[in-house]
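Note on naming: letters A, B, ... go to the chains in the order of the sequence lines (proteins, then strands), and numbering restarts at 1 for each one.
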Amino acid sequence: MRLKDKIMSLIQEIKVNAAQVLNEIYEVEFPIDSIQVNDTKPEFVGDYTIVTFPFTKQTKQKPEEVAEQLGAALVAQNTIFTSYNVIKGFLNLEINATYFNEFLVAHFTNPSFGQSAQNGQKVMIEYSSPNTNKPIHFGHLRNIFLGFSLANILKETGYEVIKANLINDRGIHICKSMIAWMKEGNGATPTSTGIKGDHLVGDYYVLYNDLFKKELAVLVEQGIEKEVAEKQAPILLEAQELLRKWEANDEDTIRLWKTMNTWVYEGFDVTFKKLGVDFDQFYYESNTYLSGKEVALKGLQNNILYQKEDHSVWIDLEADGLDQKLLLRGDGTSVYMTQDIGTAILKYNDYKMDKSVYVIGDEQNYHMQVLKLILQKLQEPCADGIYHLSYGMVELPNGKMKSREGNVVDADDMVAEMTSIAQKNTEELGKVEGFTEEELLELYNTLGLGALKFYLLRVDPKKKMIFNPEESIDFHGFTGPFIQYTHARISSILRKANDIELKSVAIEMTAQEKGLLKQIEQFPNLLMQAATEYNPSLVCIYIFNLAKEYNSFLANHSILKADTNEQMIFRLQVSTLVKNVLAKGLKLLGINSPERM
RNA sequence: GGCCCUGUAGUUAAAUGGAUAUAACCAGCGUUUCCUAAACGCUAAUUCCAAGUUCGAUUCUUGGCAGGGCUACCA
């Protein structure tokens, strides 16, 4: 067996071997993926375990007998297996240490370990997608980190990735900020006030809602029903008028709209940069909101859509268990769904991607389901590639965040808060020596962001999460800084040993050393799984377990004072490999790995 | 009403249908002469309820219960 030629992962190799042997013994074809290979539980002897219960029907033998025969044949046939034992229907296999030794030698200096070859597939990931009437808040961060991380993971596993941001820059919401600014802004600008552009615009959005509520109260006082008053409040009518002017291309309105949007973009830029995320392609809804109409009309001609008496255009999805959905109003204008249809087609025409991932909250599950179905019915080529990466909302302990009420945890504040906790912790631990002022600032930022990103990415995306600002963020345990710390410790050791030549050595490895290598060997596979499942939390869990295992190893093994020179070299090699994998895992999550902390 | 998602130690999270359900935080007790105690070790504690399928169910099916979301000619 030559590691250089090795394409298969160890688990895959076990499966292939097992299938082959089963075929030889029983003359039964078992599909490779039907063979279950698990990690052997620590209380048993062995590295990997084949579950033999599923074979009993076709082999007409007891699980123990199948396991026994399979184990004997595997050990006799392939030198990667050194021994086996059978407990009930579980066949525990021990893997030859030589295998891991060769693996170590082949990869400990390989910076691209974990990376897969290009697979020719193109994926677009749309994420972030903010409205321009308010700053980015904590809930958006989950979206942004998920999208960015997923893009990294897909690139690493061989996809060509386009990161897209669809900016929702038009509509009644931005008009609300505009009208409040016109009324009470007195010409305030980010420069004149010193307020970050997106926050400034967001403040007027909140102000709009305050004014609206006041007007509402007055109307209700006058004896008007609340629901009626909500539609009659003068400021709302003004905002709607502003939207009409915008649509009519009114010069002053457009100018103000552009100005305020520019403020917001400048603010967003700062935030995105601070968060360490970027995009390849921006789409603006003001450019795309009229599209989709032609497609709808074409669908009408082909009788996929139908028209009601008031000329509104609909699609009937009841046969698919959904509702009827409006696509064009009676006056011929588009709705949200129509725009999304248009944008989906536009994106596809731009890139012809195989997959289009939308990172959007789970409250839009229905919308996305309908969007995909309509595109399929319209026989648009982009339809089948659409995937909704649906994630649960981030809630505060006292309920949902509402930017209308200013009841949000702001993203910029959050980053600043985390950075200052990092600073406080570092200072308390007295670990500031040997750093320049500049390096310290960078370190605090690395640690604060690391904690924040890891915290939001470690949970399965589809689960909603509750964020408790006081209690939830920690620097111990299942956190970013824990892994960063492990990385920094390894770096320290390697710095001390940097004049030692890491030549190939053959040693008897301990169980824990073997365990580390076994874990690392699974890394490429794990990345593939994270990519197929669109789930960065798998990477979080993996690198956390690896860091934990390494820390435990470190407590039990001497490295620089190992018994023999060979042992030291071997452990330095293992450490190098662990460091590389931790750094790569963190990088895929968008987190930096400090050399010292 | 209909549809979708989620219920696992005190808390936050794991577990392609597999062995005695796994970690972290919190609590209690310990550990610093290779690297950095942001670490390591030990102790205690968990599958919402009821049926079903299975050799085997946290996982699949059905029915409850609880929480959230969607069900706009807003975006």
Side-chain angles (χ1 to χ4, degrees), chain A residues 33 36-38 40-41 43-44 49 51-54 56-57 62-63 87-90 92 131 133 168 170-174 285 289 308 310 312-314 321-323 325-331 333-340 361-367 369-370 390 392-393 395 400 422 425-426 428-431 447 451 455 458-460 462-466 468 471-472 474-479 481-486 488-497 529 533 537-538 540-541 544-545 547-548 550-562 568 571 575 596-597:
Chain A
D33 287 325
Q36 289 181 54
V37 178
N38 302 335
T40 302
K41 300 249 169 199
E43 57 267 34
F44 303 106
T49 298
V51 185
T52 60
F53 294 97
T56 51
K57 266 190 192 151
K62 289 181 180 167
I87 293 164
K88 292 193 265 180
F90 299 97
N92 300 321
N131 289 356
N133 63 324
N168 185 2
R170 67 160 285 279
I172 192 73
H173 48 85
I174 179 71
E285 214 174 275
Y289 84 108
K308 285 192 179 174
D310 65 353
S312 58
V313 177
W314 296 72
L322 303 171
D323 300 317
K325 188 80 195 171
L326 175 96
L327 290 180
L328 291 176
R329 297 186 182 98
D331 62 7
T333 54
S334 303
V335 293
Y336 177 38
M337 182 61 76
T338 327
Q339 295 171 30
D340 269 5
D362 62 6
E363 79 272 10
Q364 298 213 35
N365 284 353
Y366 182 74
H367 175 81
Q369 194 187 350
V370 171
S390 161
M393 289 290 106
E395 291 173 17
K400 269 190 111 168
N425 287 355
T426 307
E428 273 173 11
L429 289 165
K431 297 193 176 188
L447 295 178
Y455 179 75
R458 65 184 205 179
V459 182
D460 188 326
K462 67 170 180 286
K463 293 198 176 179
K464 72 164 187 252
M465 57 191 295
I466 294 173
N468 186 333
E471 295 167 14
S472 296
D474 203 341
F475 282 57
H476 304 267
F478 188 21
T479 68
F482 171 85
I483 295 159
Q484 291 173 317
Y485 176 67
T486 309
R489 287 178 82 188
I490 299 176
S491 301
S492 290
I493 296 170
L494 296 178
R495 263 198 306 279
K496 271 206 157 180
Q529 195 193 344
E533 295 178 14
S537 75
L538 297 176
C540 294
I541 294 165
F544 171 64
N545 284 328
K548 210 152 56 75
Y550 183 83
N551 280 326
S552 173
F553 156 81
L554 209 48
N556 294 326
H557 295 69
S558 291
I559 294 183
L560 298 176
K561 288 191 179 171
M568 180 181 70
R571 286 171 192 171
S575 300
R596 292 186 295 158
M597 64 185 270

Quick one: [X] [atom1] to [N] [atom2], roughly how many Å, whole number?
X: A:N556; N: B:rA37; atom1: CG; atom2: P; value: 14 Å
X: A:L494; N: B:rU36; atom1: CG; atom2: P; value: 13 Å
X: A:L560; N: B:rU36; atom1: CG; atom2: C1'; value: 13 Å
X: A:M393; N: B:rG68; atom1: CE; atom2: C1'; value: 11 Å
X: A:Y550; N: B:rA23; atom1: OH; atom2: P; value: 21 Å

### Ring-ring centroid check A:Y485 A:F482, cutoff 6.0 Å
no
So which protein nitrogen or oxygen atoms get under 3.5 Å of nucleotides 13-20 of chain B's nitrogens or oxygens?
| from | atom 1 | to | atom 2 | distance (Å) |
| --- | --- | --- | --- | --- |
| B:rA14 | OP1 | A:D460 | N | 2.9 |
| B:rA14 | OP2 | A:K463 | NZ | 3.0 |
| B:rU16 | O4 | A:Q36 | OE1 | 2.9 |
| B:rG18 | N7 | A:Q36 | OE1 | 3.4 |
| B:rG18 | N7 | A:Q36 | NE2 | 3.4 |
| B:rA19 | OP2 | A:K41 | NZ | 3.2 |
| B:rA19 | N6 | A:T49 | OG1 | 2.8 |
| B:rA19 | N6 | A:N92 | OD1 | 3.1 |
| B:rA19 | N1 | A:N92 | OD1 | 3.4 |

Does the side chain of [X] get closer than 4.0 angstrom to OP1 or OP2 of [N] through an N or O atom?
X: A:Y485; N: B:rA38; value: yes
X: A:S552; N: B:rG41; value: yes
X: A:K496; N: B:rC35; value: yes

Is there a donor and acceptor pair closer than 3.5 Å between the side chain of [X] and the base of [N]?
X: A:D310; N: B:rC73; result: yes
X: A:K548; N: B:rA23; result: no
X: A:T479; N: B:rA24; result: no

Could you give the distance from [atom1] ([X]) to [atom2] ([Y]), rounded to the nearest 0.5 Å?
X: A:F553; Y: A:I559; atom1: CZ; atom2: CD1; answer: 4.5 Å
X: A:R489; Y: A:L554; atom1: CZ; atom2: CG; answer: 4.5 Å
X: A:D310; Y: A:R329; atom1: CG; atom2: CZ; answer: 12.0 Å
X: A:D474; Y: A:T479; atom1: CG; atom2: OG1; answer: 6.5 Å

### Task
Select from A:E285 and A:R495 the residue whose nearest nucleotide in RNA chain B is closer to the 5' end of that strand.
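Result of the comparison: A:R495.
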### Message
Closest-nucleotide mapping onto RNA chain B: is A:L328 or A:I559 further toward the 5' terminus? I mean the 5' end.
### Response
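Going by which nucleotide is closer to the 5' end, it is A:I559.
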Give one of base, sugar-phosphate or nothing for [X], where a contact means two heavy atoms less than 4.0 Å apart.
X: A:L447; answer: base
X: A:S492; answer: base
X: A:T426; answer: base
X: A:L554; answer: base
X: A:M597; answer: base
X: A:H367; answer: nothing

### Message
Angle between ring planes, A:H367 versus A:Y336, binned at 30° and 60°: parallel, tilted or perpendicular?
### Response
parallel
### Message
Show me, range against range, the stems involving RNA chain B, built from at least 3 consecutive Watson-Crick or G-U pairs below 3.5 Å.
### Response
B:1-7 with B:65-71, B:10-13 with B:22-25, B:27-31 with B:39-43, B:48-52 with B:60-64
### Query
Of the candidate nucleotides B:rC5, B:rA75, B:rC35, which contains the atom at the shortest distance from the side chain of A:R489?
B:rC35
### Task
Please check if atom NZ in A:K308 has more than 12 non-hydrogen atoms from other residues, nucleotides or ligands closer than 6.0 Å.
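Counting neighbours around NZ of A:K308, more than 12 heavy atoms of other residues, nucleotides or ligands fall under 6.0 Å, so yes.
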### Task
State whether a side-chain donor-acceptor pair under 3.5 Å links A:S492 with A:R495.
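Their side chains do contain a donor-acceptor pair, which is all the 3.5 Å distance test asks for.
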### Query
When the P atoms of B:rA15 and B:rU6 are considered, how many whole Å apart are they?
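My reading of the P atoms in B:rA15 and B:rU6 gives 12 Å.
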